[in-house]
Amino acid sequence: MDFWGTVLVVFRRWYVTVPALLLALGGSFAVYRTVPTIYQSGAVLVLTIPVTGGSVPNDPAYPNPRTNPLLNYNGSLNVAASILLQALSAPETAARLGAPPGGETTYVVHNGSPNPELLASGPFVIINARSPSAETAHTLVSRLVEQARSELAARQAVLGAPVSTYIQLTPMVPPTEPQEQRGGKSRTAVAVLALGLFAALTAGYAMESLAAARRRRRAGPGPVEPAERAEPLALRP
């Protein structure tokens, strides 16, 4: 059926379509109000080499330069950033920081690449936390920043790196103020509204079909045309 035919059905069966449309609008508004608001906070950290470099000078006690093992690779800062990403993303770390798996509060730690395991993405640690509570989201990002510092220092201490060569973790973007994310609520409300409109049109067409069927039953069967009369056979001479 074309557009104007659809409009005609909607207006002709207004006693069905209008209540259905009102229910769709009410359901969409109710869903928008009941879906919890999600707040997001984030931070961007960068790993840098200390100004004194990655090794200490030679001295009689140490014939060879003492180099930080985490700075002894090509792309060493990328390696250190990757180690931090894996450590911060562990389920045990998430549970300890207040974001257990399966909960409403979640976070993602990456290096700016869709695949955080790619070491060529740079020495970045990007943190994004989401929670129904703005305070919780901001607190979680702050905890992750501190955890990143502790994790980085602990890894270097285990490797016996000289303290003067420790990699520095600098917040390029400190934990941001939580921002309300309305996208999820809006998409859900629009989906409910679309389903409601579809249901309203379906109800209108169903009522139109029932009305047409009733009209056909009231009209009864159509007149039966009489059979053609047989022509008389011609008499043989």
Side-chain angles (χ1 to χ4, degrees), residues 1-44 89 91 94-95 97-110 112-116 126-144 173 175-227:
M1 186 176 290
D2 58 11
F3 173 76
W4 293 111
T6 302
V7 173
L8 183 61
V9 171
V10 170
F11 280 97
R12 183 185 298 152
R13 305 302 169 188
W14 63 268
Y15 51 87
V16 174
T17 57
V18 171
L21 290 174
L22 293 177
L23 285 175
L25 290 173
S28 178
F29 179 75
V31 168
Y32 184 84
R33 293 296 301 270
T34 55
V35 172
T37 302
I38 299 297
Y39 295 90
Q40 179 171 308
S41 179
V44 178
S89 300
L97 295 179
E104 294 182 342
T105 299
T106 61
Y107 70 88
V108 176
V109 183
H110 60 95
S113 169
N115 184 2
I126 301 174
I127 301 169
N128 289 310
R130 294 166 59 88
S131 175
S133 169
E135 182 180 357
T136 300
H138 188 270
T139 301
L140 179 58
V141 174
S142 299
R143 289 177 179 174
L144 284 165
V173 178
T176 60
E177 289 297 323
Q179 300 295 321
E180 183 178 352
Q181 305 296 303
R182 296 180 177 271
K185 296 180 63 173
S186 301
R187 285 191 295 269
T188 304
V190 169
V192 172
L193 180 60
L195 291 175
L197 294 177
F198 179 77
L201 291 177
T202 302
Y205 279 117
M207 186 58 65
E208 183 73 9
S209 299
L210 290 175
R214 284 198 298 267
R215 286 197 300 269
R216 288 194 296 268
R217 284 197 299 270
R218 285 198 297 266
V224 179
E225 296 184 359

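Numbers here simply count residues along the sequence, with the first being 1.
Legend: side-chain hydrogen bond (donor to acceptor under 3.5 Å, both in side chains) pairs involving residues 15-25, not counting sequence neighbours, sorted by first then second residue: Arg13-Tyr15.
Every side chain to side chain contact (heavy atoms under 4.5 Å, CB included) that Ser89 has, sequence neighbours left out, goes to Val109. The side chain to side chain contact (heavy atoms under 4.5 Å, CB included) check on Leu97 picks up Thr93, Leu140, Arg143, Leu144, Gln147, with sequence neighbours excluded. Here Glu104 pairs with nothing under the salt bridge (Lys or Arg N to Asp or Glu O under 4.0 Å) rule; sequence neighbours left out. For Ser133, the side chain to side chain contact (heavy atoms under 4.5 Å, CB included) partners two or more places apart in sequence, or in a different chain, are Ser131, Glu135, Thr136. Legend: residues meeting side chain to side chain contact (heavy atoms under 4.5 Å, CB included) with Leu197, ordered by chain and number and at least two apart, are Leu21, Leu193.
Considering every non-hydrogen atom in both Thr105 and Pro132, the closest pair reads OG1-CD, 4.3 Å. Closest heavy-atom contact between Pro91 and Pro101: CB-CG, 4.1 Å. Among all heavy-atom pairs drawn from Val141 and Ala129, the shortest one is CG2-CB, 3.6 Å.
Between Ile38 atom CD1 and Arg130 atom CZ the span is 6.0 Å, to the nearest 0.5 Å.
Between the side chain of Ser41 and the backbone N or O of Thr176 there is at least one donor-acceptor pair closer than 3.5 Å.
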